[in-house]
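A short write-up of the structure that comes next.
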Amino acid sequence: MEPSSRTSYAAAGLLSTGAGVAAGHLVAALTDPAASPVLAVGSTVIDLTPTPVKEWAVRELGTADKPVLLASVALGTLALAGGAGLLARRSARLGALVLLGLVALAGVLAMRRPAATAVDVLPALVAAVVGLAVFALAVQALRRAGDARTTDALEPGSAEAVVAARASRRGLLLGAGTVAALSAAAAATGQWVIRTGTQIGDIVLPRAAKPLPPLPTGLEEAHDGISPLRTTNARFYRVDTNLVVPRVDVDSWRLRIDGDVRQELTLTYDDLRSMPLVERDITLTCVSNEVGGKYVGAARWLGVPLKDLLDQAGVGTKADQLLSTAVDGFTISTPLDVVRDGRDVLVAIGMNGEPLPADHGFPARLVTPGVYGFVGATKWLTRLTLTTYAAKRAYWTKRGWATDAPIKVSARIDTPRPLSTIKAGRTVIGGVAWAQHRGIRRVEVRIDGGAWQTARLGPDVGVDYWRQWYLPWDAPSGRHLVAVRAVTLDGDVQTAVRRTPFPDGSSGIQEVVVTVA
Ligand SMILES: Nc1nc2c(c(=O)[nH]1)N[C@H]1C(S)=C(S)[C@@H](COP(=O)(O)O)O[C@H]1N2
Ligand SMILES: [Mo]
C-alpha cells in the first residue's frame, strides 16, 4: 500500500468519521443517548421508512430490525466518509466540507426530535471537532508521506528509500491503529453507559389497595411446551420505534393531563404511587403479530385506573380522542369512547410485581385491554391530552393506520412446534388463545382436515387475559396437519387458514405441519 494511495485517503475519511461518531456517541450516552449521531440518523430513517417496509421489517426481522437498520446506516455513513477521504486527495478542504456536512446532518436530525433540548447539539459538535481534527492530522500525514516520496533525495528503489518508506508506513499505521482503538473504546464505553444507565434502581412499589389472588397454576406445569400462564418480564415481547430505550429520571418525570379538561393535572411519580392502585391481569399484543407469532404476552399490571385520573381532571364534551405522548415525543391515540366504556384501562407503573422495566415503559405506561398496542399501550408516558381526531393525529395515524383497532381472536399452537418431528404415541397439542376483552369460549383443533375437536381450556383469568388450551393426541406415524381456531364468548370465530411458519397475516386459523416418527 502506497501511503498516498486512494485506499489511504479513503481510510483517513473512515477513520476520522469513526472517531467523530464514537466521540459523539460517548457524549450522548452521558447526556441524552437519543442525540447520538448514529441513533439520530437511525431514528429519522425509522420515521421516514414507508409503512409497508416497516411492517415487513417488524414481521421478517423481528427484534433484529434495529441492528439491521443501524448496520445499514453505518454502512451508508462509511461509504460517504470514504468518499470524503477520496475527495481530500484532490482538495483537503472539500473533503472536510463533506465530513462537516455529514456531522451537521446528524446534528440537525438530533435537534429535530420533538423531545430535543439544547444539550442535544453537544454530541454533533463533539463529533465535528474530533472528526475534523483527526481528518486534518491524517490528511497532513498522508501529504507529508507523499511529498517525502517524491522529493526525497534518496534514490528511488535504493535500500535507504525502502527503509524510509517502510518507516513512514509504519508511522501512519501506528497512528491509524491508535485512533481506531481509541474510537472503539469510546463507542464501547458509550454503549456500556447507555445500557447500565437504563437500569431502574431500588424503587419499591406500594401494594394494590385490593391485591389480586395469585394466578392459578397454569397448564405449563402439566404439559411441556405450552406458554406459561404469565409471561415473565424478561421474556415479554418488545415492539417500539425506539433505537435506544428512553432513560427517564423519575424525580423530574411528570404526567400531565390536559386538553379538553376542567382542570389540568400534573402528577409526579410519587403522586401516582400514593393514589389507590389496582392490579389487573391483561394480555398485550401487537397488530404486527403474525399468526403463530410471539408478539403477545400476558402480565399482571399494577397502576392507577385511567378513569380516576380522568374524573379528577374532568373531561369536557368536545374530545373524542385520548392522545398520549411519550417522553420522546412519540404519540398514540386511543378512542375516548373505548377508554370510557368501563374497561380496565390503567396508567401502569408495575409489571409482574416489579417497577415497569425500561423496555416496557418505565416509569409509567398506558395499558388498554382489547385494543392492539399501537392504539392503547403508550410506553414512557408523560402526557394525556383530551382532544379530537380532527385536531391531532398520532404517529401511526399519520402513517395511515386505523384509529380504532380491536384485537382479533387468535389461537396459537405452542406444541408441537411447526415442522418439528415428534415421537408416535400419546402427546398433547397445546397453546394459548386470546381475544382481549371478549374472552375465549372455546378452542378447537382439527387434525388432517377432520372434524373440529373441542380442546380443554386452562384456568380462566378473565376476559382480558389469554387462555391456555390443550388436546390430548395419540399421534400416529406420518406427516400431519394440525390446525387451531378459537371462538370468543360472543361467538366470533377465525376463518382464513394461515400455515406457519409461513406468515401472511395477523389473524386467522393457524395450521402447522408436524412429522410423527
Ligand atoms: N412510546 C412508545 N410506546 C409504544 C410504542 C412505541 O413505539 N413507542 N409501540 C406500541 C406498540 S406497537 C406495541 S405492540 C406495544 C408493545 O409493548 P411492549 O414492548 O411492552 O410489549 O407498545 C406500544 N407502545
Ligand atoms: Mo404493536
Side-chain angles (χ1 to χ4, degrees), residues 208-216 218-219 227-233 235-237 239 277-287 289 294-310 322 324 332 334-353 356 360-361 364-379 381 404-412 431-443 457-469 486-494 506-507:
K210 280 189 225 137
L212 291 178
L215 274 186
L219 291 184
S227 295
L229 188 54
R230 186 186 70 149
T231 315
T232 59
N233 292 356
R235 306 212 125 218
F236 209 93
Y237 80 96
V239 169
L277 299 176
V278 298
E279 269 181 335
R280 293 289 179 264
D281 294 316
I282 298 168
T283 295
L284 208 68
T285 187
C286 181
V287 70
N289 187 53
K294 42 185 201 283
Y295 293 157
V296 56
R300 175 163 289 186
W301 308 93
L302 174 78
V304 179
L306 177 73
K307 181 180 186 303
D308 294 358
L309 297 171
L310 294 187
L322 178 71
S324 42
I332 278 185
T334 318
L336 193 57
D337 50 6
V338 164
V339 305
R340 295 222 288 176
D341 73 355
R343 70 184 76 199
D344 284 319
V345 187
L346 298 186
V347 171
I349 57 172
M351 180 178 183
N352 290 329
L356 273 183
H360 299 291
R365 78 177 301 171
L366 204 59
V367 177
T368 310
V371 295
Y372 287 110
F374 82 97
V375 283
T378 322
K379 305 193 273 187
L381 180 68
D404 191 6
I407 290 171
K408 294 179 180 167
V409 53
S410 295
R412 182 175 75 191
V432 285
W434 61 92
Q436 284 90 304
H437 207 53
R438 291 189 291 164
I440 296 295
R441 174 194 292 169
R442 204 165 62 242
V443 172
L457 296 181
D460 183 1
V461 189
V463 293
D464 294 335
Y465 211 68
W466 65 13
R467 197 90 191 242
Q468 296 169 308
W469 59 268
V487 185
T488 61
L489 290 178
D490 53 17
D492 188 12
V493 60
Q494 289 153 278
S506 70
S507 178

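Note that the structure is predicted; figures quoted are calculated from it, not measured.
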Please report the interatomic distance [atom1]([X]) to [atom2]([Y]), rounded to the nearest 0.5 Å.
X: Leu356; Y: Leu381; atom1: CG; atom2: CG; value: 10.0 Å
X: Leu346; Y: Leu309; atom1: CG; atom2: CG; value: 10.0 Å
X: Trp434; Y: Arg412; atom1: CH2; atom2: CZ; value: 5.5 Å
X: Leu284; Y: Tyr237; atom1: CG; atom2: OH; value: 4.0 Å
X: Arg235; Y: Ser227; atom1: CZ; atom2: OG; value: 9.5 Å
X: Asp464; Y: Thr283; atom1: CG; atom2: OG1; value: 8.0 Å

Does any part of the side chain of [Y], heavy atoms only, come nearer than 4.5 Å to the side chain of [X], both counted from C-beta?
X: Val339; Y: Leu366; result: no
X: Val409; Y: Ile440; result: yes
X: Val371; Y: Asp404; result: yes
X: Leu489; Y: Val463; result: yes

Looking only at heavy atoms, which two atoms of [X] and [Y] are closest? And how far apart?
X: Pro228; Y: Trp466; result: O-CZ2, 3.5 Å
X: Ile349; Y: Ala364; result: CG2-CB, 4.1 Å
X: Val375; Y: Ala405; result: CG2-CB, 3.8 Å
X: Cys286; Y: Val239; result: SG-CG1, 4.0 Å
X: Ala208; Y: Glu279; result: CB-CG, 3.8 Å
X: Gly376; Y: Thr368; result: O-OG1, 2.7 Å

Check whether any side-chain N or O of [X] sits under 3.5 Å from a backbone N or O of [Y] as a donor-acceptor pair, and report yes or no.
X: Thr285; Y: Tyr372; answer: no
X: Thr231; Y: Gly297; answer: no
X: Thr488; Y: Gly439; answer: no
X: Trp469; Y: Val432; answer: yes
X: Arg365; Y: Ala377; answer: yes
X: Thr378; Y: Ile332; answer: no
X: Arg343; Y: Pro369; answer: yes

Is Asp492 salt-bridged to Arg438, cutoff N-O under 4.0 Å?
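Answer for the salt bridge query: yes.
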For Arg441, check side chain to side chain donor-acceptor pair (under 3.5 Å) against everything at least two apart and list the hits.
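Not a single residue meets the side chain to side chain donor-acceptor pair (under 3.5 Å) criterion with Arg441.
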What pairs with Pro459 under side-chain contact (heavy atoms from CB on, under 4.5 Å), at least two apart in sequence or on another chain?
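Pro216, Leu229, Gln468.
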ring-ring contact (aromatic ring centres under 6.0 Å, His included) partners for His360, two or more places apart
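His360 satisfies ring-ring contact (aromatic ring centres under 6.0 Å, His included) with Phe236 only.
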Asp281 pairs by salt bridge (Lys or Arg N to Asp or Glu O under 4.0 Å) with which of Arg300, Arg467, Arg230?
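Result: among Arg300, Arg467, Arg230, Arg300 is the only option passing the salt bridge (Lys or Arg N to Asp or Glu O under 4.0 Å) with Asp281.
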